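Here the structure comes first, spelled out in structure tokens, and everything after it is commentary.
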Amino acid sequence: KGDIQYHQLPFFAHILKAFLLQLKVQENQSDALIRLSRTMLVCPGVMDVMMKLTFNTCHARDLSEVSVALAMFRSWIVSMGTWHERRSISKFSLKSLNRLRMNTSFDFHYFFSALRILLRIDNPSQVTVKGIEFLYAIWDTIPQQQAEVLVRQLVESGAFTDLFLHWEREVRHFFVHLVAFRVLQI
């Protein structure tokens, strides 16, 4: 009843490689690929690779691509937090896989750089709102120390001020809500 050591399964490396290649080349992710991506999260370190593949193939100024990429990443985070509700085919509990916060070994540097690109003032306002909405939704899953790093980066780079004074009213309101309800925890 212990944890499954996926890396010790025969041909698992080939399956993982085929999955990652498919994730990289597929323009429109199918439901089956998205479900498989959630399952692959049980493997340590795979989320970093999946995130980089997804964000590297996404154009920051294309709202539909950004929406799909952020929705996929968000589904991975939600999936990680619901392992306790699932059971494997053999009826063994998967509770030990439950993670309510992102792992501290996650590549936050890359992740935060992608978020900063989405929050740039020269992006279309809908893309910026999507970035703010995504950050609002996942804020509780970011470890406290890493969240402080992101806030410091946004303040020091001037992104905080740019978003707070953004020319588009909707962007300003979304950002103020993020700050008030998530960052300051009002």
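Count residues from 1 along the sequence. All values derive from a computational prediction rather than experimental measurement.
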Original post:
Among Glu133, Lys130, Glu65, which residue meets the side chain to side chain contact (heavy atoms under 4.5 Å, CB included) test with Leu70?
Top reply: Lys130
Original post:
When you look at His166 and Thr161, which way does the side-chain contact (heavy atoms from CB on, under 4.5 Å) test go after all the steps?
Top reply: CA-CA 8 Å; His166 198 276; Thr161 306; over 6 Å; no
Original post:
Could you state the interatomic distance from CZ (Arg116) to CG (Leu150), rounded to the nearest 0.5 Å?
Top reply: 7.5 Å
Original post:
Are side-chain heavy atoms of Cys58 and Val66 found at a separation under 4.5 Å?
Top reply: yes
Subject >> Side-chain heavy-atom pair Ile142, Leu135 within 4.5 angstrom cut-off >> reply: yes
Subject >> Shortest non-hydrogen contact from Phe134 toward Leu115 >> reply: CD2-CD2, 3.7 Å
Original post:
Side chains of Ile132 and Leu163: does their closest heavy-atom pair fall under 4.5 Å?
Top reply: yes
Original post:
Do Phe160 and Phe175 have ring centroids that are under 6.0 Å from one another?
Top reply: yes
Subject >> Shortest non-hydrogen separation from Asp107 to Met51 and the atoms involved >> reply: O-CE, 3.9 Å
Original post:
Any donor-acceptor pair under 3.5 Å linking the side chain of Asp162 with the backbone of Ile121?
Top reply: no
Subject >> Point-to-point distance, once rounded to the nearest 0.5 Å, from OG of Ser125 to CZ of Arg169 >> reply: 13.0 Å
**OP:** Find the distance between CG (Asp62) and OG (Ser67) and round it off to the nearest 0.5 Å.
**Re:** 8.5 Å
Original post:
Can you check whether Phe164's main-chain N or O pairs, donor with acceptor, with Arg172's side chain at less than 3.5 Å?
Top reply: no
**OP:** Check the pair Phe19, Met50 against side-chain contact (heavy atoms from CB on, under 4.5 Å), reporting the backbone distance first and the verdict last.
**Re:** CA-CA 10 Å; Phe19 160 72; Met50 290 176 7; 3.6 Å; yes
Original post:
To the nearest 0.5 Å, what is the distance between CZ (Arg74) and CD1 (Ile138)?
Top reply: 9.0 Å
Original post:
Which class fits the ring pair Phe108 and Phe112: parallel under 30°, tilted 30 to 60°, perpendicular over 60°?
Top reply: tilted
Subject >> Met40 side chain near Leu20 side chain, heavy-atom distance below 4.5 Å >> reply: no
Subject >> Evaluation steps, side-chain contact (heavy atoms from CB on, under 4.5 Å), between Arg120 and Val127 >> reply: CA-CA 9 Å; Arg120 287 179 43 176; Val127 170; over 6 Å; no
**OP:** Kindly indicate whether the side chain of Phe55, heavy atoms from C-beta on, has any atom under 4.5 Å from the side chain of Tyr110.
**Re:** yes
**OP:** List the atom of Thr54, the atom of Ala69, and the distance in Å for their closest heavy-atom pair.
**Re:** CG2-CB, 3.6 Å
**OP:** Mark yes when over 12 heavy atoms from residues, nucleotides or ligands other than His59 sit less than 6.0 Å from its NE2; otherwise mark no.
**Re:** no
Original post:
Would you say Leu53 and Val49 make side-chain contact, with heavy atoms under 4.5 Å?
Top reply: yes
**OP:** Name the orientation class of the two ring planes belonging to Phe111 and Phe73 (parallel below 30°, tilted from 30 to 60°, perpendicular beyond 60°).
**Re:** parallel
Original post:
Does the pair Thr128 and Leu118 meet the rule for a side-chain contact (heavy atoms from CB on, under 4.5 Å), with working shown?
Top reply: CA-CA 6 Å; Thr128 306; Leu118 291 177; over 6 Å; no
Original post:
Picking from Gln146, Gln145, Arg152, Gln144, what satisfies side-chain hydrogen bond (donor to acceptor under 3.5 Å, both in side chains) with Glu148?
Top reply: Gln144
